[in-house]
Protein chains: 4
Amino acid sequence: MSATLEPRHVKAISRNRRVAGADPDKRHQILEGAHAVFTARGFDAASMNDIAAAANVSKGTLYVYFEDKEHLFVALIEREREKQKQGMYEALAEEPGLEQALTNFGSGLVRLLTNPFALSAHRIVLGVAERMPDLGREFYERGPMQGAQRLAAFLDQRVAKSELAIDDTALAAAQFVDLAQSTLMRPRLFNAVRTPPSEDEIARVVGEAVAMFMMRYGVKKP
Amino acid sequence: MSATLEPRHVKAISRNRRVAGADPDKRHQILEGAHAVFTARGFDAASMNDIAAAANVSKGTLYVYFEDKEHLFVALIEREREKQKQGMYEALAEEPGLEQALTNFGSGLVRLLTNPFALSAHRIVLGVAERMPDLGREFYERGPMQGAQRLAAFLDQRVAKSELAIDDTALAAAQFVDLAQSTLMRPRLFNAVRTPPSEDEIARVVGEAVAMFMMRYGVKKP
Amino acid sequence: MSATLEPRHVKAISRNRRVAGADPDKRHQILEGAHAVFTARGFDAASMNDIAAAANVSKGTLYVYFEDKEHLFVALIEREREKQKQGMYEALAEEPGLEQALTNFGSGLVRLLTNPFALSAHRIVLGVAERMPDLGREFYERGPMQGAQRLAAFLDQRVAKSELAIDDTALAAAQFVDLAQSTLMRPRLFNAVRTPPSEDEIARVVGEAVAMFMMRYGVKKP
Amino acid sequence: MSATLEPRHVKAISRNRRVAGADPDKRHQILEGAHAVFTARGFDAASMNDIAAAANVSKGTLYVYFEDKEHLFVALIEREREKQKQGMYEALAEEPGLEQALTNFGSGLVRLLTNPFALSAHRIVLGVAERMPDLGREFYERGPMQGAQRLAAFLDQRVAKSELAIDDTALAAAQFVDLAQSTLMRPRLFNAVRTPPSEDEIARVVGEAVAMFMMRYGVKKP
DNA sequence: GATGAATGAGCCTTCATTCAT
DNA sequence: CATGAATGAAGGCTCATTCAT
């Protein structure tokens with residue numbers, strides 16, 4: 001008796017070990033489907049049915065892994081943010097020349113922001129920001145705000161080294177971030193331009209941003 | 001006698017001119033209700049029921065004045081845009097000093113963009129831009145893009161007068177517009193900051209924008 | 001004073017003379033519009049709005065002349081029936097040969113029944129017969145039943161003259177009516193055939209009907 | 001042991017085979033409700049709400065099993081047609097005497113056509129034939145037209161055997177079908193007569209039809 | 001845990017009818 | 001009497017969520 005486990009028991013045991021919605025593969029699978037559907041349709045127009053189908057999972061399973069539609073969406077946003085932040089700040093950590101660091105950071109930022117999913121995420125989060133202010137705030141704080149803060153910290157270092165002369169590095173960082181996107185991000189966000197900017201465009205705009213920034217905050221060397 | 005029209009006649013005349021759904025008061029009333037509900041909930045979460053209630057009008061009446069929910073929404077957006085554009089470009093038409101003109105324009109712009117309805121309109125339009133790209137494009141072109149173009153035209157004039165040295169005035173205009181909003185617009189849009197910026201904040205940020213802009217593009221006088 | 005009537009009084013007087021919905025022109029105008037719309041859409045899919053527009057009359061006026069949609073429809077059916085019955089029974093009144101009389105009556109009947117409005121009326125009345133049994137019965141009694149009765153009366157005369165030998169002239173009349181339509185009416189009613197039968201087809205089918213009828217009920221002359 | 005399937009397994013298997021909306025019991029249940037409501041009210045006046053209530057099923061479930069109201073209705077019509085066609089053509093296949101075959105076929109036909117649901121189906125299909133011509137055509141082709149064609153084929157056989165002399169068997173078949181219904185079907189269809197014809201009435205009318213038919217097309221034997 | 005059929009609240013829209021002018 | 005804006009009940013349909021299996 002003890003030698004043979006009937007299938008039923010095996011299942012019972014393995015079930016006991018599991019926590020609700022803890023199969024990472026299935027979770028991943030669901031998020032992939034959700035990504036596709038939310039991206040294509042926006043929050044409200046995306047149906048749990050579509051998501052279940054896109055994820056190749058039953059509708060019920062969705063609710064095993066995520067409390068409801070909103071939680072699923074938030075989890076997706078969080079995953080995507082983490083995924084995309086990777087490598088974003090390397091430009092600031094390495095030790096190239098100051099202008100080169102800014103150029104690398106700026107163009108990385110623009111590439112990140114103008115890619116389709118980042119745009120979708122922005123649109124969706126902004127679209128629900130009124131109803132779900134916490135989601136909006138969190139998205140802002142962990143995304144754009146954090147980017148500016150890291151850049152500000154970088155600028156602080158360079159001010160300390162007397163390579164830059166900046167009173168308010170927080171503002172300066174925001175200025176640079178905005179300059180780098182000038183002309184490129186907004187029309188994409190409104191869907192008025194359907195293709196990501198070319199590398200040449202990025203280089204030109206970021207180049208101008210660096211030039212302007214240095215002219216304002218750069219320290220002239222004798 | 002013949003010089004005065006009795007009220008009865010006036011009404012009769014105005015009634016004859018009337019087209020279905022053309023009572024301007026009722027139309028206004030509906031748009032007010034729609035404004036309130038769309039602003040509070042976004043496009044999808046706003047129900048025609050709620051809008052009818054908010055406008056103190058029957059559901060059927062909504063459809064006498066507007067073809068459907070989307071048309072109502074677009075009409076609202078258009079009305080608000082017109083309402084808010086008034087006086088926006090005066091700063092560029094008057095003849096104060098160059099820096100003063102930029103300062104006035106920049107602070108006007110920021111005040112406009114950070115007020116609650118402009119934010120709502122932005123959020124809603126962005127939220128549906130994926131599904132309604134035409135609306136997104138139009139909103140962009142008639143709003144942000146037009147603002148930048150007018151500023152670019154202004155810059156062209158000043159370049160012609162040798163007060164500024166700018167290669168690409170379109171880019172320069174976008175840069176100024178972005179600098180003027182730095183720090184102020186984005187957190188508002190994400191609903192991470194719930195109150196409009198103070199006049200002092202605006203003055204500071206716009207001041208920095210003007211300073212940076214002039215340092216980059218200004219022509220030094222001997 | 002008594003010599004001049006102010007317009008107001010004139011109106012008051014003329015108004016007093018009128019009975020509700022008694023302007024025959026307007027009534028006719030409304031029925032024309034109703035005809036067009038009911039015919040094109042059927043009872044339920046026809047809206048009072050459409051009818052008002054088609055009749056070039058305000059929606060309110062509809063209700064001055066007809067109690068409600070159903071009464072309007074019934075009035076229309078009645079008018080059309082009268083309109084179309086004209087001349088139907090002449091063939092039976094004149095004194096041609098027996099077979100010629102049957103042929104004329106039969107082809108007149110088929111022409112009447114397969115024309116577009118008669119088909120529409122049939123369809124509509126049948127479509128609502130479940131909900132409005134009185135309308136169905138009345139339509140039947142004043143239309144098809146009456147036609148058969150008149151033919152039966154005609155047959156009675158000819159039986160009296162020993163031109164025909166029929167036990168049950170009511171049944172014989174119905175048989176002839178059905179034979180005359182064989183093949184022609186049903187597919188039209190179901191909209192499976194979109195054009196009225198040609199005169200040749202009518203002649204052939206009615207000819208066969210007469211032949212069959214005479215073979216069964218005709219009295220052989222020595 | 002291996003020979004018997006435990007219920008659990010049976011269910012598991014049947015569940016795996018299941019497609020959305022394929023539970024035959026529920027489907028049947030819905031069709032029953034739809035039958036009741038459509039029959040009582042006609043197509044337009046029948047609401048999905050009523051049908052759901054009559055079927056003891058939620059409104060949503062209706063849409064799991066049927067795409068929309070029209071598809072539900074068509075499915076119902078099809079089911080009823082199949083249900084009622086059973087046994088219709090047996091009379092023509094068996095080998096009784098010619099007149100007996102016609103009599104059996106004719107009375108079967110009349111019984112079928114004058115029963116309440118067939119009448120309802122006719123009324124409904126005719127009522128919507130203007131707006132849904134395909135449904136009308138299909139109903140006609142698979143119902144009345146097919147009946148006439150089968151009879152025509154039967155007549156062809158008997159012509160080949162020299163039992164009948166018919167030029168146009170298609171027309172002759174239609175004639176017989178119409179004669180068999182004379183007096184019985186039309187008043188029922190218009191709801192002018194509320195009860196099905198008695199067997200005696202049927203026998204009399206069909207008898208007359210056969211007599212007339214044979215007199216016209218029968219081959220006299222020496 | 002996984003499934004997907006079932007639910008029912010709620011959505012947008014239409015339309016017969018009313019009524020102030 | 002004529003008008004047509006306004007009404008609000010009702011319609012077809014969708015969808016997030018639940019729950020028996």
Colleague: Does a side-chain N or O from Ser58(C) land closer than 4.0 Å to OP1 or OP2 of dG4(F), or not?
Modeller: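 Checking dG4(F) against Ser58(C), no side-chain N or O comes under 4.0 Å of OP1 or OP2.
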Colleague: Nearest-Å distance, CG (Asp50(B)) to P (dT13(E))?
Modeller: 14 Å
Colleague: For Asp134(A), enumerate each residue passing the salt bridge (charged side-chain N to carboxylate O under 4.0 Å, His left out) test, keeping only those at least two apart in sequence or located in another chain.
Modeller: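 With neighbours one apart ignored, the set is Arg137(A).
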Colleague: Before accepting this row, confirm whether a basic side-chain N of the pair Arg131(D)/Asp44(D) lies closer than 4.0 Å to the acidic partner's carboxylate O.
Modeller: yes
Colleague: Checking side-chain polar atoms at under 3.5 Å, does Asp25(C) have a donor or acceptor matched by the opposite partner on His28(C)?
Modeller: no
Colleague: Rounded off to whole Å, could you give me the CG-to-C1' distance for the Asp23(C) and dA2(F) pair?
Modeller: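 Spelled out: CG on Asp23(C) to C1' on dA2(F) is 11 Å.
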Colleague: Roughly, in whole Å, what's the span from CG in Leu62(B) to P in dG8(F)?
Modeller: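 These atoms are roughly 13 Å apart.
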Colleague: Report the distance from atom CD1 of Ile30(D) to atom C1' of dT7(E), rounded to the nearest whole Å.
Modeller: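 So the two atoms are 13 Å apart, to the nearest Å.
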Colleague: For DNA chain F, produce a single dot-bracket line, 5' to 3'. Pairs: Watson-Crick or G-U wobble, both distances under 3.5 Å. Symbols: ( ) within strand, [ ] crossing, | other strand, . unpaired.
Modeller: .||||||||||||||||||||
Colleague: Take the protein atom CZ of Phe66(D) and the nucleotide atom P of dA5(E), then report the distance between them rounded to whole Å.
Modeller: 14 Å
Colleague: Output the rounded distance in Å from CG (Leu72(C)) to C1' (dC15(E)).
Modeller: 15 Å
Colleague: Each nucleotide in nucleotides 14-20 of chain F should get exactly one letter: B, S or -. Can you fill that in based on protein heavy atoms under 4.0 Å?
Modeller: B-SBB--
Colleague: Using whole Å, report how far CG of Asn56(B) lies from C1' of dA6(F).
Modeller: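 To the nearest whole Å, that distance equals 13 Å.
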Colleague: Can you name the residues that form a side chain to side chain donor-acceptor pair (under 3.5 Å) with Thr39(A), not counting sequence neighbours?
Modeller: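 With neighbours one apart ignored, the set is empty.
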Colleague: According to salt bridge (charged side-chain N to carboxylate O under 4.0 Å, His left out), who are the partners of Glu32(A), at least two apart in sequence or on a separate chain?
Modeller: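 Testing Glu32(A) for salt bridge (charged side-chain N to carboxylate O under 4.0 Å, His left out), a comparison that skips the adjacent residues, returns Arg79(A).
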Colleague: Expressed in angstrom and rounded to an integer, what is the separation of Tyr65(C) atom OH from dC1(F) atom P?
Modeller: 8 Å
Colleague: How would you list, by chain and number, every residue that makes a side chain to side chain donor-acceptor pair (under 3.5 Å) with His122(C), sequence neighbours excluded?
Modeller: none
Colleague: In chain order, what residues pass the salt bridge (charged side-chain N to carboxylate O under 4.0 Å, His left out) check against Glu70(C), with sequence neighbours excluded?
Modeller: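 Glu70(C): no salt bridge (charged side-chain N to carboxylate O under 4.0 Å, His left out) contacts found.
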Colleague: Once side chain to side chain donor-acceptor pair (under 3.5 Å) is applied, do any residues pair with Asp50(A), and if so which ones, sequence neighbours excluded?
Modeller: Arg41(A), Ser47(A)
Colleague: If the condition is side chain to side chain contact (heavy atoms under 4.5 Å, CB included), which residues does Ala54(B) pass it with, not counting sequence neighbours?
Modeller: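 Residues passing side chain to side chain contact (heavy atoms under 4.5 Å, CB included) with Ala54(B): Val37(B).
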